[in-house]
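For reference, the structure discussed in these notes is given below.
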Amino acid sequence: MGEAIKKVVILGGGSAGWMAASYLSKAFGSQINITLIEADTIPKIGVGEATIPNLQKVFFDFLGLPEEEWMRECNASFKAGIKFVNWRRSPEEDKSDYFYHLFGQVQNCDNIPLTHYWLHRRYKENNMEPMEYACYHQAPLLDEKLSPRMMDGTQVMSYAWHFDAHLVVKYLRKLAIGWGVNHVIDELVHVELTDDGSIAALNTRKGDRYEADLFVDCSGFRGLLINQALGEPFINMSNQLFCDSAVAASVPYDDERYGVEPYTSAIAMKNGWTWKIPMLGRFGSGYVYSSKFTSQEDATEEFIKLWNLDPNKVQLNQIRFRTGRNRRAWVKNCVSIGLSSCFLEPLESTGLYFIYAAIYQLVKHFPDKDFDQTLIDRFNGEIEGMFDDCRDFIQTHYFTTTRNDTEFWRANKHDLQLSDSLKHKLETYKAGLIVCPPLTTNESSYYSSFEIEFRNFWTNSNYYCMFAGMDWLPDKSLPKLIYRPDALNKSKEIFAALKNRTTELKSKLPSTYEYLSMLHGTSHKKEEPATH
């Protein structure tokens, strides 16, 4: 049996650093001494943050933090899906063009997802109801900005969260320090390596030296340890996703007048898209664009015009990013987490997901001082698979578009390099088959229930939301449905039940603004129709 790891040093604060510090502290307690070093001069990226639904179960539940508690601390709101605006047609062509990517798996009927019955109705009965309105009960509720929870807290739809990223960092920092994490404000100036190329110690500007058995690189896009000190190559994927820049801002908002939307908006622009992340009192927003097709000045002007902002009164955050991942996320005694490991544009809110999924895998594969290569290889395989699966899904948002009004959209339709795995999914989908059925616990004893949730997020329902939303449909419906008349009749009952559920909830649910006002202890008045 090898000798246990006693010291861990985390380089970098921000979401990645403090999520890693708090999670590792909870996982190992006093058995491991954890030190986090962050420079107070390094700006943190993040103007509002959006997540995916398993954040509570995988991260906050592990820390023992109830949802309502951390939501109050972080000005959190609900995200029951993503509203894609003008991804099919430019606003000059159609100002009402939108569709939803909703969370949660669609129901099965006779062990077949309801989406396939929806497609059968479309082709056989010419029923043109949008998929998310037929196969889910949520979409009409989101249209009216209703809360995914009753006033008594009863949950009625699957959701994730919006929150202030800086408040999350502040909250986790306080908790982690209280649990024994050593917090050092200093700046890295030199990395000492051992003869075998592992990291021996970090030297800082204040003249201190920090030794550790394991180093966690949360230094952001610079990759100070994994890329710069250890020389691990970063696999650039700019030929697979063109966006590489963003301009972001926090925008004040009159909630009492317009209400709070319980979803993220992804608004297609001339050379990219803009996120809108609503929270009480404001929303975070940023225009993600490709510098290959537009300049920073033109993108900023387009962003300002979208929200009618005064550039002299709002703080604009200009961001450049790299799309791709390290060849290996873990090298010798250094593990990269967050932006130092991998990055995809936040079109499906993968930023925090990549962080806590990696932390979870690190704890699962946590080594002793021997650093068994099998553990390292297993970890790297999980991170590689996670990233590549998400990259494939993000690509589906682009090459399926029917927009051709700018060079950017034409290039996305014709010039993206697609992976073999995605090509296989597309062939399966076009044949009317199930794209990627969810894993079950019985399929592999190696995967925990958490990992099955990780993997199942990008399954058939998610692909169908995007493909159907883009009007990118299979050539035919699932062939075996024609042999199941009883199942077809049963599916009609399910479609009707979903409509009834929507009608019932409309009469019972509070607005998202009313629920959040109660949760956060703020006053509220009756909402007026939105005009913003």
Side-chain angles (χ1 to χ4, degrees), residues 1-12 15-36 54-55 57-59 61-63 176 181 194 196-199 212-219 223 225-227 229-230 232 235 325-342 350 352-390 439 441 443-457:
M1 181 178 293
E3 185 179 351
I5 283 176
K6 294 296 185 182
K7 290 184 179 180
V8 173
V9 166
I10 300 170
L11 179 65
S15 299
W18 287 109
M19 289 178 79
S22 57
Y23 198 98
L24 291 173
S25 178
K26 197 70 173 180
F28 297 104
S30 60
Q31 299 176 76
I32 295 179
N33 179 278
I34 301 172
T35 298
L36 185 146
N54 61 19
L55 172 69
K57 182 175 290 187
V58 180
F59 184 75
D61 280 354
F62 182 81
L63 298 187
V181 172
T194 64
D196 72 353
S198 300
I199 298 176
D213 306 309
L214 176 68
F215 293 84
V216 181
D217 188 349
C218 298
S219 63
L225 303 184
I226 194 76
N227 300 129
L230 297 184
E232 184 65 13
I235 302 174
R325 58 170 170 80
N326 291 330
R327 182 181 62 182
R328 296 172 296 175
W330 183 345
V331 178
K332 297 186 180 294
N333 65 339
C334 176
V335 179
S336 57
I337 290 177
L339 301 178
S340 62
S341 172
C342 58
T350 51
L352 288 182
Y353 165 64
F354 287 159
I355 293 171
Y356 63 79
I359 299 167
Y360 172 86
Q361 292 294 346
L362 174 57
V363 170
K364 177 179 178 178
H365 298 89
F366 205 78
D368 55 30
K369 289 186 179 180
D370 291 338
F371 286 94
D372 188 323
Q373 192 60 42
T374 300
L375 290 174
I376 296 174
D377 291 344
R378 284 269 197 168
F379 174 90
N380 285 332
E382 293 292 339
I383 301 305
E384 179 180 338
M386 171 190 71
F387 180 87
D388 290 356
D389 284 346
C390 292
L439 287 173
T441 309
E443 287 187 75
S444 176
S445 58
Y446 177 70
Y447 298 118
S448 70
S449 60
F450 288 165
E451 289 169 290
I452 290 171
E453 283 204 31
F454 281 141
R455 292 164 181 271
N456 283 356
F457 187 70

Item to check | side-chain contact (heavy atoms from CB on, under 4.5 Å) against Ala229, all qualifying residues, sequence neighbours excluded | outcome: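 Applying side-chain contact (heavy atoms from CB on, under 4.5 Å) to Ala229 gives Val191.
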
Item to check | Set of residues satisfying side-chain contact (heavy atoms from CB on, under 4.5 Å) with respect to Gln373, sequence neighbours excluded | outcome: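 For Gln373, the residues satisfying side-chain contact (heavy atoms from CB on, under 4.5 Å) (neighbours in sequence not counted) are Ile376, Asp377.
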
Taking the side chain as every heavy atom from C-beta outward, state whether [X] and [Y] have any pair of such atoms under 4.5 Å apart.
X: Met19; Y: Leu352; value: yes
X: Phe28; Y: Phe366; value: yes
X: Ile383; Y: Trp330; value: no
X: Ile337; Y: Leu362; value: yes
X: Leu230; Y: Leu225; value: no
X: Lys6; Y: Ile32; value: no
X: Val181; Y: Trp18; value: yes
X: Cys334; Y: Ile226; value: yes

Next on the checklist: Check the orientation of Phe379 and His365. Use parallel for under 30°, tilted for 30 to 60°, and perpendicular for over 60°.
Outcome noted: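 Because their plane-to-plane angle is over 60°, the rings of Phe379 and His365 count as perpendicular.
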
Item to check | Any residue meeting salt bridge (Lys or Arg N to Asp or Glu O under 4.0 Å) with Arg325, in chain and number order, not counting sequence neighbours | outcome: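 Applying salt bridge (Lys or Arg N to Asp or Glu O under 4.0 Å) to Arg325 gives Glu384, Asp388.
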
Checklist entry - Are there more than 12 heavy atoms of other residues, nucleotides or ligands under 6.0 Å from atom NZ of Lys7? => result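 Not buried by this count: 12 neighbours or fewer within 6.0 Å.
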
Next on the checklist: Test of understanding: with ring-ring contact (aromatic ring centres under 6.0 Å, His included), list the residues that count as partners of Phe371, not counting sequence neighbours.
Outcome noted: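 Per chain and number, Phe371 pairs via ring-ring contact (aromatic ring centres under 6.0 Å, His included) with no residue.
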
Checklist entry - Can you name the ring-ring contact (aromatic ring centres under 6.0 Å, His included) partners of Phe354, sequence neighbours left out? => result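 If we apply the ring-ring contact (aromatic ring centres under 6.0 Å, His included) test to Phe354, skipping adjacent residues, the hits are Phe387.
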
Checklist entry - Under the side chain to side chain donor-acceptor pair (under 3.5 Å) test, which residues partner Ser336, sequence neighbours left out? => result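 Side chain to side chain donor-acceptor pair (under 3.5 Å) check on Ser336 returns Asn326.
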
Next on the checklist: So does Glu232 get a backbone contact from the side chain of Asn227, meaning a donor-acceptor N/O pair under 3.5 Å?
Outcome noted: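 Indeed, once roles are kept as given, a pair shorter than 3.5 Å links the two residues.
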
Checklist entry - So Phe62 and Tyr23, ring-ring contact (aromatic ring centres under 6.0 Å, His included) or not? Walk me through it. => result CA-CA 8 Å; Phe62 182 81; Tyr23 198 98; 4.1 Å; yes

